[in-house]
Amino acid sequence: MMSNGEKKDTRRILIVTAVEAERAAVLRGLGEEAAQFHVIAAGVGPAAAAAVTAATLAAGGAAWGTNPAASSAEAGADAADESTRGAEGGSSAGAAAAASFSAAASTATSPAAAATAGGYRLVVSAGIAGGFAERAALGSLVVASEIIAADLGVETPGGFASVDELGFGSSRSGVCARSASALAAALSAAGLPVVTGPVLTVTTATGTAATAAEHVRRVPEAAAEAMEGFGVASAAQHFGVPVLELRAISNAVGPRDREAWRIGDALQALERGSAILKEVLQ
């Protein structure tokens, strides 16, 4: 949203999902007249998310062809196929990520090149996620106030130590506070259940009450857990592009109870949230 006299930023917005079902939900929410948005499915996990996000930013979208909607659909389908085969014990999504990265890197490999190609003004990590008890209910939306790599560190006799504590870097990424605040307010005004808080990125989804409790101990205000946000944020940070994370809650963080999962409801919430995202960012 712009004030009077403010020049419109014509650069695109990159939305990164993990799999095709998430990408499709976002596209349904964006609807028609959404040429400013480039939606891709990068694969499952922070490594795939970082590689494909970086490749796309480096190429300024050029690596996906001249038709962003069609080319991102093809890329998303490929990534989704790879992630599905990985879950079944076949090749992993990392193979798709590596191939996508190599193709894009041959076109452009630096922030300067991305700027020359037109570039992006914002990157959004979007998809479904687990919600922490008493913070984010099933079917609700979470707008990240911070993106945290929850298991990036080492185990010590005294317990887990993050890379921040070790002095080896940071496991935390900030978000575009202005956009995050505007999005959360718009979602609430639209009558959608929404909370704002840190979203954790993990490489192994939580499956026990003990692990869930440990995450809460480390990050008491954590609202949700997903697997791609920190990878997307790391790539965006490398290119100097601000980031958001929007998650729709499909299950509770803790013991795996597939019968209690509400993936369909979460995808519908993601679709509705994406429609509001479009209104806020255009």
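Hydrogens, waters and symmetry mates play no part in the numbers below; they use all other heavy atoms, side chains included.
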Colleague: Any idea which heavy atoms bring A137 and S140 closest together, and the distance?
Modeller: O-OG, 2.6 Å

Colleague: Crowded around Q237 CD? As in, over 12 foreign heavy atoms under 6.0 Å?
Modeller: no

Colleague: Which value, rounded to the nearest 0.5 Å, describes the distance between I40 atom CD1 and I15 atom CD1?
Modeller: 10.5 Å

Colleague: Of all residues at least two apart in sequence or in a different chain, which pass the salt bridge (Lys or Arg N to Asp or Glu O under 4.0 Å) check with E225?
Modeller: none

Colleague: How long is the straight-line distance from OG of S250 back to CG of L270, given to the nearest 0.5 Å?
Modeller: 10.5 Å

Colleague: Q36 side chain to R11 main-chain N or O, any donor-acceptor pair under 3.5 Å?
Modeller: yes

Colleague: Output yes when a side-chain donor or acceptor of R135 lies under 3.5 Å from a complementary backbone atom of A224, and no otherwise.
Modeller: no

Colleague: Hey, are E228 and R247 close enough for a salt bridge, meaning a charged N less than 4.0 Å from a carboxylate O?
Modeller: yes

Colleague: Of all residues at least two apart in sequence or in a different chain, which pass the side chain to side chain donor-acceptor pair (under 3.5 Å) check with D151?
Modeller: T203

Colleague: For the side chain of R218 and the backbone of A150, is there at least one donor-acceptor N/O pair under 3.5 Å apart?
Modeller: yes

Colleague: Considering all heavy atoms of both residues, which atom of A136 and which atom of A223 are nearest to each other, and what is their separation?
Modeller: CB-O, 3.5 Å

Colleague: Are any of the side-chain heavy atoms of L246 and L187 separated by less than 4.5 Å?
Modeller: yes

Colleague: With a 3.5 Å distance limit and no angle check, can you tell me whether T53 reaches the backbone of A49 through a side-chain donor-acceptor pair?
Modeller: yes

Colleague: Drop me the distance from L27's CG to E22's CD, to the nearest 0.5 angstrom.
Modeller: 12.0 Å

Colleague: So which heavy atom on V44 is nearest to which on A48, and how close?
Modeller: O-CB, 3.9 Å

Colleague: Could you measure the distance from the CD1 atom of I13 to the NE2 atom of H38? Nearest 0.5 Å is fine.
Modeller: 13.0 Å

Colleague: Should V216 and L138 be counted in the same cluster of Ile, Leu, Val, Met, Phe, Trp and Tyr side chains packed under 4.5 Å apart?
Modeller: no

Colleague: Could you report the tightest heavy-atom contact between P46 and V202, atom names first, then the distance?
Modeller: CD-O, 4.2 Å

Colleague: So how far is it from R28 CZ to R23 CZ, rounded to the nearest 0.5 Å?
Modeller: 10.5 Å

Colleague: Should L14 and L57 be marked as a side-chain contact (heavy atoms from CB on, under 4.5 Å) after you check the CA-CA gap, both sets of side-chain angles, and the distance that decides it?
Modeller: CA-CA 8 Å; L14 177 62; L57 291 172; 4.0 Å; yes

Colleague: Give a yes or no on whether the backbone of G29 and the side-chain of S274 come within a donor-acceptor separation of less than 3.5 Å.
Modeller: no

Colleague: Do V232 and F230 sit in the same hydrophobic cluster, where Ile, Leu, Val, Met, Phe, Trp and Tyr count as joined when their side-chain heavy atoms come under 4.5 Å apart?
Modeller: yes

Colleague: Is it possible for you to say whether F168 and L152 belong to one hydrophobic cluster, with membership spreading through side-chain heavy-atom contacts below 4.5 Å?
Modeller: yes

Colleague: Identify whether I249 and M227 are in the same connected component of the hydrophobic contact network (ILVMFWY, side-chain heavy atoms under 4.5 Å).
Modeller: no

Colleague: Could you report the tightest heavy-atom contact between L267 and A25, atom names first, then the distance?
Modeller: O-CB, 3.6 Å

Colleague: Nearest 0.5 Å, what's the CD-CD1 distance between Q268 and I263?
Modeller: 12.5 Å

Colleague: Are side-chain heavy atoms of I147 and T201 found at a separation under 4.5 Å?
Modeller: yes

Colleague: Who passes side chain to side chain donor-acceptor pair (under 3.5 Å) against S234, sequence neighbours left out?
Modeller: none

Colleague: Do V199 and V219 share a hydrophobic cluster (ILVMFWY, side-chain heavy atoms under 4.5 Å, transitive)?
Modeller: no

Colleague: Do F239 and V123 have side-chain heavy atoms sitting under 4.5 Å apart?
Modeller: no

Colleague: Check G174 against V243 and note the closest heavy-atom contact, atom names and distance.
Modeller: O-CG1, 3.5 Å

Colleague: Would you say that F37 contacts L281 through its side chain, given a criterion of any heavy-atom pair below 4.5 Å between the two side chains?
Modeller: yes

